[in-house]
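One structure is given below, encoded as structure tokens.
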Amino acid sequence: MLPLLLLINIITFILFHPHTSAAAAGLCHPNDRAALTAFKNSFTNPNPFPTWDPVFDCCDWYGVKCNDTTSRVISLDIAPHDSLAGTIPSSLANLTHLQNLRLHKIPNLIGQIPPSLTKIPKLRFLVISWTNISGPIPHFLSQIKNLAYLDLSFNRLSGTIPPSIPTLPFLFAIDLSRNQLTGPIPETFGHFQKTAGFPALDLSHNKLSGALPSSLSNVLFSSVDVSRNNLSGDASVFFGKDKAASSIDISRNGFEFDLSKVSFMVSLDVLDISHNRIYGEIPKQITEAVYLQFLNVSYNRLCGEIPTGWKLRYRSEPWENSSFLHNRCLCGIPLNPCN
Ligand SMILES: *[C@@H]1O[C@H](CO)[C@@H](O)[C@H](O)[C@H]1NC(C)=O
Ligand SMILES: *[C@@H]1O[C@H](CO)[C@@H](O)[C@H](O)[C@H]1NC(C)=O
Ligand SMILES: *[C@@H]1O[C@H](CO)[C@@H](O)[C@H](O)[C@H]1NC(C)=O
Ligand SMILES: *[C@@H]1O[C@H](CO)[C@@H](O)[C@H](O)[C@H]1NC(C)=O
Ligand SMILES: *[C@@H]1O[C@H](CO)[C@@H](O)[C@H](O)[C@H]1NC(C)=O
Ligand SMILES: *[C@@H]1O[C@H](CO)[C@@H](O)[C@H](O)[C@H]1NC(C)=O
């Protein structure tokens with residue numbers, strides 16, 4: 001009988017290295033292995049990925065995923081990694097079959113977004129978030145024609161948003177939140193391609209300014225968050241009975257428009273317009289938004305009676321008064337009665 005400890009070792013080895021026989025057969029493409037090794041060696045750490053050992057097939061390395069049929073590397077997902085230090089290496093361009101790149105929660109990842117990313121023709125999901133990369137959001141990202149999902153949130157990116165990005169044919173989600181972006185929202189954000197479906201937009205927590213382009217009214221966004229910027233003018237472009245959005249957050253900006261003229265989509269689930277200069281009344285039609293679960297219109301210049309007869313399907317509690325406080329002259333439940 002095998003000693004128990006040895007048995008446990010064998011079982012653990014089989015569990016954690018299911019493709020050991022494949023490693024011997026060398027399934028991983030040599031070009032991919034070379035590109036991954038160059039990626040690893042580009043960082044200043046001596047051995048950032050201990051499982052990236054030539055003994056194992058590179059398809060089994062931490063964060064690496066291969067296509068089952070072709071054994072080419074299709075996904076590289078490094079998240080989180082506290083000690084990994086350096087810049088995004090250009091050797092990534094040699095992962096020619098990569099579709100999914102995620103570098104998430106790597107505080108010591110620095111430098112700029114490298115042009116080599118444009119050489120990865122099949123790249124669809126690009127996430128570089130919660131890192132210390134800085135510099136601009138480069139125009140050349142619009143050369144990655146298959147890009148469907150772009151998340152560059154929680155970095156130190158600055159400068160303006162390149163107008164070319166929203167016109168990518170398959171882009172359906174763009175998250176540039178929590179950076180230091182300046183300038184206006186480009187007019188091209190009104191020209192997402194039809195192939196993209198209902199795009200999700202998050203530009204919150206930046207320093208964007210200026211009026212919203214009227215072209216935005218053409219787009220059926222699934223969700224919009226432009227909160228905590230310095231945007232101004234009319235944000236009614238996001239609203240309308242025939243729109244699709246379930247979540248709209250335009251809070252903490254300088255928007256100024258007449259809410260009485262707005263109609264709300266029935267699909268609305270979250271609505272935060274607090275901390276702006278929005279005036280007029282809250283339209284009675286908002287009570288038709290049966291999915292509404294969160295509402296905040298506080299700190300604006302609204303007036304008149306808060307509508308009654310809400311048809312809320314997924315919220316049992318009544319609205320709190322803090323959803324309506326600090327307006328010019330709103331009255332009625334849950335505030336003081338109107339005179
Ligand atoms: C894997 O590659 C095969 C052959 O190229 C392709 O048909 C299949 O869709 C790929 N699978 C994935 C998950 O990319
Ligand atoms: C890509 O690989 C080729 C050969 O395998 C090598 O010469 C080249 O330097 C690599 N490119 C990068 C950017 O690492
Ligand atoms: C960026 O670096 C600073 C200083 O090292 C660190 O405190 C911060 O958490 C880092 N940011 C991110 C998003 O990791
Ligand atoms: C916000 O925008 C207004 C113009 O709309 C400008 O006067 C003001 O300086 C901006 N504030 C900040 C903090 O950028
Ligand atoms: C808001 O409601 C809380 C408790 O629900 C109450 O204590 C508070 O006085 C109310 N504030 C105003 C201004 O009506
Ligand atoms: C509404 O927003 C104001 C301002 O940010 C906040 O103080 C209040 O707690 C919020 N109320 C709700 C119900 O979210």
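Every number for a ligand or one of its atoms is a count from 1 in the order of the listing.
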Checklist line | Under 4.0 Å to a heavy atom of Thr70 - the qualifying atoms of ligand 1, by number | finding: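 Listed by number with element, the hits are 2 (O), 4 (C), 5 (O).
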
Checklist line | Close-contact set for ligand 1 against Gln99 heavy atoms, below 4.0 Å | finding: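 Result: 14 (O).
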
Notebook entry, point to check: Distance only, no hydrogens: is a donor on one side chain within 3.5 Å (strictly under) of an acceptor on the other, for Asp77 and Ser75?
Noted result: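 No pair is found: no donor N or O on one side chain lies under 3.5 Å from an acceptor on the other.
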
Item checked: Any donor-acceptor N or O pair under 3.5 Å, side chains Gln143, His139 ->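 Side-chain D/A pair, Gln143 to His139: absent.
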
Please identify which atoms of ligand 6 are closer than 4.0 Å to at least one heavy atom of [X].
{"X": "Phe294", "result": "14 (O)"}
{"X": "Ser323", "result": "13 (C)"}
{"X": "His275", "result": "4 (C), 5 (O)"}

Next item on the list: Report the residues that fulfil side chain to side chain contact (heavy atoms under 4.5 Å, CB included) with Ser232, sequence neighbours left out, ordered by chain and then residue number.
Entry: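 Applying side chain to side chain contact (heavy atoms under 4.5 Å, CB included) to Ser232 gives none.
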
Mark whether [atom] lies under 4.0 angstrom from at least one protein heavy atom.
{"atom": "atom 7 (O) of ligand 5", "answer": "no"}
{"atom": "atom 14 (O) of ligand 5", "answer": "yes"}
{"atom": "atom 11 (N) of ligand 5", "answer": "yes"}

Item checked: Non-hydrogen side-chain atoms of Pro166 and His191 separated by less than 4.5 Å ->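 Side-chain contact under 4.5 Å: no.
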
Notebook entry, point to check: Any side-chain heavy atom of Leu117 within less than 4.5 Å of one from Leu101?
Noted result: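 Yes, side chains in contact.
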
Check: With a 4.0 Å heavy-atom cut-off (strictly under), which part of Trp319 contacts ligand 6: side chain, backbone, both or neither?
Finding: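 For Trp319, no heavy atom sits under 4.0 Å from ligand 6.
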
Check: For the Cys pair Cys59 and Cys66, is the SG-SG distance shorter than 2.5 Å?
Finding: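 Yes - the two cysteines, Cys59 and Cys66, have SG atoms within less than 2.5 Å of each other.
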
Notebook entry, point to check: Stepwise, does the side chain to side chain contact (heavy atoms under 4.5 Å, CB included) test hold for Ile174 with Asp202?
Noted result: CA-CA 6 Å; Ile174 177 163; Asp202 191 345; over 6 Å; no

Distance to 0.1 Å, residue and atom name: give those for the protein heavy atom nearest to [atom].
{"atom": "atom 3 (C) of ligand 6", "answer": "Ser298 OG, 3.3 Å"}
{"atom": "atom 2 (O) of ligand 1", "answer": "Asn67 ND2, 2.3 Å"}
{"atom": "atom 1 (C) of ligand 6", "answer": "Asn296 ND2, 1.5 Å"}
{"atom": "atom 9 (O) of ligand 6", "answer": "Ser322 OG, 3.7 Å"}

Check: Which ligand 5 atoms does Leu325 reach within 4.0 Å, using its non-hydrogen atoms?
Finding: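 Under 4.0 Å from Leu325, ligand 5 has these atoms: 13 (C).
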
Note to self: At less than 4.0 angstrom from any non-hydrogen atom of Asn321, what atoms of ligand 5 do you find?
What the structure shows: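 It comes down to these atoms of ligand 5: 1 (C), 2 (O), 3 (C), 8 (C), 10 (C), 11 (N), 12 (C), 14 (O).
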
Notebook entry, point to check: Is the centre of the Phe239 ring less than 6.0 Å from the centre of the Phe264 ring?
Noted result: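 When the ring centroids of Phe239 and Phe264 are compared, they turn out to be within the sub-6.0 Å range.
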
Check: With a 6.0 Å cut-off on ring centres, are Phe49 and His81 close enough?
Finding: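 Between His81 and Phe49, which both carry aromatic rings, the centre distance is below 6.0 Å.
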
Note to self: Would Arg313 and Tyr291 count as a cation-pi pair here, with the cationic atom under 6.0 angstrom from the ring centre and within 45° of the axis?
What the structure shows: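 The answer is yes, since Arg313 meets both limits relative to Tyr291.
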
Note to self: Here's one to test your reading of the geometry: is the NZ or CZ of Lys105 within 45 degrees of the ring axis of Trp130 and under 6.0 Å from its centre?
What the structure shows: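 Yes, Lys105 sits over the ring of Trp130.
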
Checklist line | Any Arg252 heavy atom less than 4.0 Å to ligand 6 | finding: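 In this structure, Arg252 qualifies as a contact of ligand 6 - some heavy atom is under 4.0 Å.
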
Check: Does ligand 1 have an atom that lies less than 4.0 angstrom from a heavy atom of Arg72?
Finding: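 It does not, in that no heavy atom of Arg72 comes within the 4.0 Å cut-off of ligand 1.
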
Item checked: Nitrogen or oxygen of Glu320 less than 3.5 angstrom from that of ligand 6 ->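 No; the residue has no nitrogen or oxygen that sits under 3.5 Å from a nitrogen or oxygen of the ligand.
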
Item checked: N or O contact, Tyr299 vs ligand 6, cut-off under 3.5 Å ->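 By distance alone, the answer is no.
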
Item checked: Under-4.0 Å heavy-atom contact with ligand 5, by part of Leu335 that carries it ->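 For Leu335, there is no contact with ligand 5 at all, from either part.
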
Notebook entry, point to check: Pick one: which of Leu76, Val64, Ile120, Asn31 meets side-chain contact (heavy atoms from CB on, under 4.5 Å) with Leu95?
Noted result: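 One option only clears the test, and that one is Leu76.
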
